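Take a look at the structure set out below.
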Amino acid sequence: MSYVDQPQNAGDRQDETVPRAVVSQAMIERAKSVVVLAQRVDEDEAAQILLAAACKANIPVRLAADQVMAALQADECRDGITHETLMRALAAVRPIPRPQPTGHPTGTAA
């Protein structure tokens with residue numbers, strides 16, 4: 001029986017988080033592979049490049065990897081992914097806006 005065919009227990013948090021972790025790691029590996037090829041660096045240096053982009057934007061590496069891949073797809077690289085297109089994609093990594101708490105007036109004294 002494959003993982004997909006197994007019954008899911010709604011109360012089991014592990015069943016909910018494993019697929020998300022796998023997808024996140026796959027996105028990081030995919031982005032890292034693009035960096036390796038476009039920058040002609042090894043995997044460790046590619047990981048450091050992604051980490052630097054994530055740290056600069058103050059977001060997790062998985063979100064930075066997702067943004068890099070989305071930027072590369074939007075760039076419509078006719079000649080493949082070049083150093084320049086990768087640099088644009090890395091520069092496009094941005095912080096994720098955090099939702100503001102509701103129900104708390106701001107700037108008023110109690």
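Source: prediction; values computed, not measured.
- Contact check for Gln67 versus Ile96: side-chain heavy atoms found under the 4.5 Å cut-off.
- When side chains are defined from C-beta on, Met69 counts as touching Arg30, because their heavy atoms get closer than 4.5 Å.
- Within a 6.0 Å sphere centred on CD of Glu43, heavy atoms belonging to other residues, nucleotides or ligands number 12 at most.
- Val35 and Ile81 fall within the same hydrophobic cluster, where Ile, Leu, Val, Met, Phe, Trp and Tyr residues are linked whenever their side-chain heavy atoms come under 4.5 Å apart, directly or through other members.
- The 12-atom threshold is exceeded at CG of Asp42, counting heavy atoms of other residues, nucleotides or ligands nearer than 6.0 Å.
- When the side chains of ILVMFWY residues are joined at heavy-atom separations under 4.5 Å, either directly or via intervening members, Val34 and Met87 end up in a single hydrophobic cluster.
- Of all the heavy atoms in Leu50 and Lys32, the pair that sits closest is CD1-N, 3.7 Å.
- Rounding to the nearest 0.5 Å places OG1 of Thr82 at 6.5 Å from CZ of Arg88.
- Once rounded to the nearest 0.5 Å, the distance linking CG of Leu63 with CD1 of Ile28 reads 9.0 Å.
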Next on the checklist: One pair to check against side chain to side chain contact (heavy atoms under 4.5 Å, CB included): Ile49 and Leu90. What are the steps and the verdict?
Outcome noted: CA-CA 9 Å; Ile49 290 168; Leu90 289 166; 3.6 Å; yes
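- Leu86 places a side-chain heavy atom less than 4.5 Å from the side chain of Val68.
- Contact check for Lys56 versus Val93: no side-chain heavy atoms found under the 4.5 Å cut-off.
- Thr85 approaches Leu72 most closely through the heavy-atom pair O-CD2, 3.7 Å.
- The two residues Ile59 and Pro95 have their closest heavy-atom pair at CG2-CA, 3.8 Å.
- For the residue pair Ala31 and Ala65, the shortest heavy atom distance occurs at CB-CB, 3.7 Å.
- Residues Ala46 and Val41 approach most closely at N-CG2, 3.8 Å, considering heavy atoms.
- In terms of heavy-atom proximity, Arg62 sits nearest to Met27 at O-CG, 4.4 Å.
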